[in-house]
2 protein chains.
Amino acid sequence: MNRLQNDAALHRGKQTGKNTMTKLDKTDLMILQALQNDAKTSMKTLADALHLSKTPVYERIRRLEKEGIIKRYVALVDPEKIGLPLVVFCNVSLAIHDEEHIRQFRETIGTIDEITECYTIGGIHDFFLKVVVKDLQAYDRFVLEKLTKIRGIAKMQSSFVLNEIKHTTALKPVENG
Amino acid sequence: MNRLQNDAALHRGKQTGKNTMTKLDKTDLMILQALQNDAKTSMKTLADALHLSKTPVYERIRRLEKEGIIKRYVALVDPEKIGLPLVVFCNVSLAIHDEEHIRQFRETIGTIDEITECYTIGGIHDFFLKVVVKDLQAYDRFVLEKLTKIRGIAKMQSSFVLNEIKHTTALKPVENG
DNA sequence: ATTGAAAAAAGTCGCGG
DNA sequence: CCGCGACTTTTTTCAAT
């Protein structure tokens, strides 16, 4: 039953290194674009579109995965359809910002499902969170029961999303010119 | 060559409606969790983990897709590996906020690759953008050449991300109790 | 609704140009 | 690097329970 819990994304081995800046040619870019749009695009479809056979497409994809350019394949679910229509952006400042508090803050962040993104913005003790919840009441509970359980939080400022206009996971690689 | 450009994600038909609140049982939740973690998890793997055969798993996934709960399957690429390491959050206010300007703003947003997310936050003429670019110079060019090309922008405030601590696309559905 | 088998499609890989 | 072709795995369908 716990194979489902695995970290996955390593279904064909991965790279942890951040370098190995390999060139991406036009074909790679089109493959990336297609798979970012629809991960289930078959190799035959890609091959036909690129006027190639399956082998080069297969090997390019394999290479993109191996080099960690393609990090993983995921299913995207509709937040509204699963009862999570409210998005909140939230600034959090830590009062006590010794290494231990910061380390613990980061660790805890990773375990809280409602927090989908977390960044440091303006200094080592300033965090910026994207939070996805059911409604305002759920957000209130999230703050009280989860966020403030983390020791050392000084200030908090929440911005509630009224409407989502655009949301994509697709990135267009920079031209390597 | 242009099949790659298609909007896709409709590879098995989709729903546009926002309702049809169907109950998700434990099995559905585990399937969703697994596919959000790794879209390539095979049905046999899922079936084994759930102590079922492939068919019910297949039918459940099909249903989740049909109802739009699973919106699409995508490949996630590593921004750093494709030369886009800088994330900027940006508040934009419109000066002129008649319907026509707002409509055009929204339309233009959708065509700009650097903008991965856009929300309305604090009123109808207040937008919040997530922007992904190569470096500060590229951000400057983005603002000058793309953002301010949109007529009617009054104020702008940018926050630069120093470090990404968490970033997931996986959502945990609310308990249907 | 679930099973198990079987057909169809997709992915994988060695070999030759 | 690419194409061909054989082999493996996965997806999809379906008759029967």
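Being a predicted model, the structure only gives us computed values, none of them experimental. Lettering follows sequence order; numbering is per chain, from 1.
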A.B. asks: Without swapping roles, check the side chain of B:Thr41 against the backbone of B:Leu35 for a donor-acceptor pair under 3.5 Å.
C.D. replies: no

A.B. asks: Map A:Val57 and A:Lys54 onto DNA chain D by nearest heavy atom, then report which one ends up closer to the 5' terminus.
C.D. replies: A:Val57

A.B. asks: In whole angstrom, give the distance that lies between atom CG of A:Leu46 and atom P of C:dA9.
C.D. replies: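 In whole Å, C:dA9 P lies 18 Å from A:Leu46 CG.
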
A.B. asks: Choose from C:dT3, D:dT12, C:dG11 the nucleotide whose nearest atom is closest to any side-chain atom of A:Met43.
C.D. replies: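 For the A:Met43 side chain, the nearest candidate turns out to be C:dG11.
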
A.B. asks: Please tell me which of the listed nucleotides, D:dC14, D:dG3, C:dT2, lies nearest to the side chain of B:Thr55?
C.D. replies: D:dC14

A.B. asks: Between D:dC2, C:dT12, C:dT3, which nucleotide has the shortest distance from any of its atoms to the side chain of A:Arg60?
C.D. replies: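 That would be D:dC2.
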
A.B. asks: Answer yes or no: is there an ion pair linking A:Glu145 with A:Lys149, defined by an N-O contact shorter than 4.0 Å?
C.D. replies: no

A.B. asks: Is there a side-chain contact between B:Leu52 and B:Thr27 in this structure, where contact means two heavy atoms from C-beta onward sitting under 4.5 Å apart?
C.D. replies: yes

A.B. asks: Just the rounded figure in Å: distance from C1' of C:dG11 to CD of A:Glu65.
C.D. replies: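 Nearest whole value for this atom pair: 11 Å.
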
A.B. asks: Rounded to the nearest Å, what distance is computed from the NZ atom of residue A:Lys44 to the P atom of nucleotide C:dA8?
C.D. replies: 16 Å

A.B. asks: Side chain of A:Ser42 only, please: which of D:dT10, C:dA10, D:dT13 is the nearest?
C.D. replies: C:dA10

A.B. asks: A:Ile61 CD1 to D:dC1 C1': how many Å, rounded?
C.D. replies: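 The distance from CD1 of A:Ile61 to C1' of D:dC1 comes to 16 Å, rounded to the nearest Å.
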
A.B. asks: What's the closest nucleotide to the side chain of A:Leu52 if the choices are D:dC2, C:dT2, C:dA10?
C.D. replies: D:dC2

A.B. asks: Please indicate whether B:Lys130 has more than 12 foreign heavy atoms, meaning atoms of other residues, nucleotides or ligands, lying under 6.0 Å from its NZ.
C.D. replies: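 For B:Lys130, atom NZ is crowded (more than 12 foreign heavy atoms under 6.0 Å).
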
A.B. asks: Rounding to an integer number of Å, can you tell me how far B:Tyr73 OH sits from D:dT10 C1'?
C.D. replies: 14 Å

A.B. asks: Considering the terminal five base pairs at each end of the helix from C:dA1-D:dT17 to C:dG17-D:dC1, what angle separates the two local helix axes, rounded to 10°?
C.D. replies: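 The end-segment axes of the helix from C:dA1-D:dT17 to C:dG17-D:dC1 are tilted 20° relative to each other.
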
A.B. asks: Mind calculating the distance between CZ (B:Arg62) and P (C:dT2) to the nearest angstrom?
C.D. replies: 17 Å

A.B. asks: Run the ring-ring contact (aromatic ring centres under 6.0 Å, His included) check on B:Phe160 and B:Phe89 step by step: do they pass?
C.D. replies: CA-CA 6 Å; B:Phe160 299 92; B:Phe89 289 98; over 10 Å; no

A.B. asks: So, the side chain of A:Lys166 versus the backbone of B:Ile115: is there a donor-acceptor pair under 3.5 Å, distance only?
C.D. replies: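 Side chain of A:Lys166 to backbone of B:Ile115, a donor-acceptor pair under 3.5 Å: yes, one is there.
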
A.B. asks: Between B:Glu59 (CD) and D:dT13 (C1'), how many Å, whole number?
C.D. replies: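 Rounded to whole Å, this separation is 10 Å.
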
A.B. asks: Can you measure B:Tyr58 atom OH to D:dC14 atom C1' for me and round it to whole angstrom units?
C.D. replies: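 It works out to 12 Å between those atoms.
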
A.B. asks: Is any side-chain heavy atom of B:Leu32 closer than 4.5 Å to a side-chain heavy atom of B:Leu64?
C.D. replies: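 Of all side-chain heavy-atom pairs linking B:Leu64 with B:Leu32, at least one is under 4.5 Å.
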
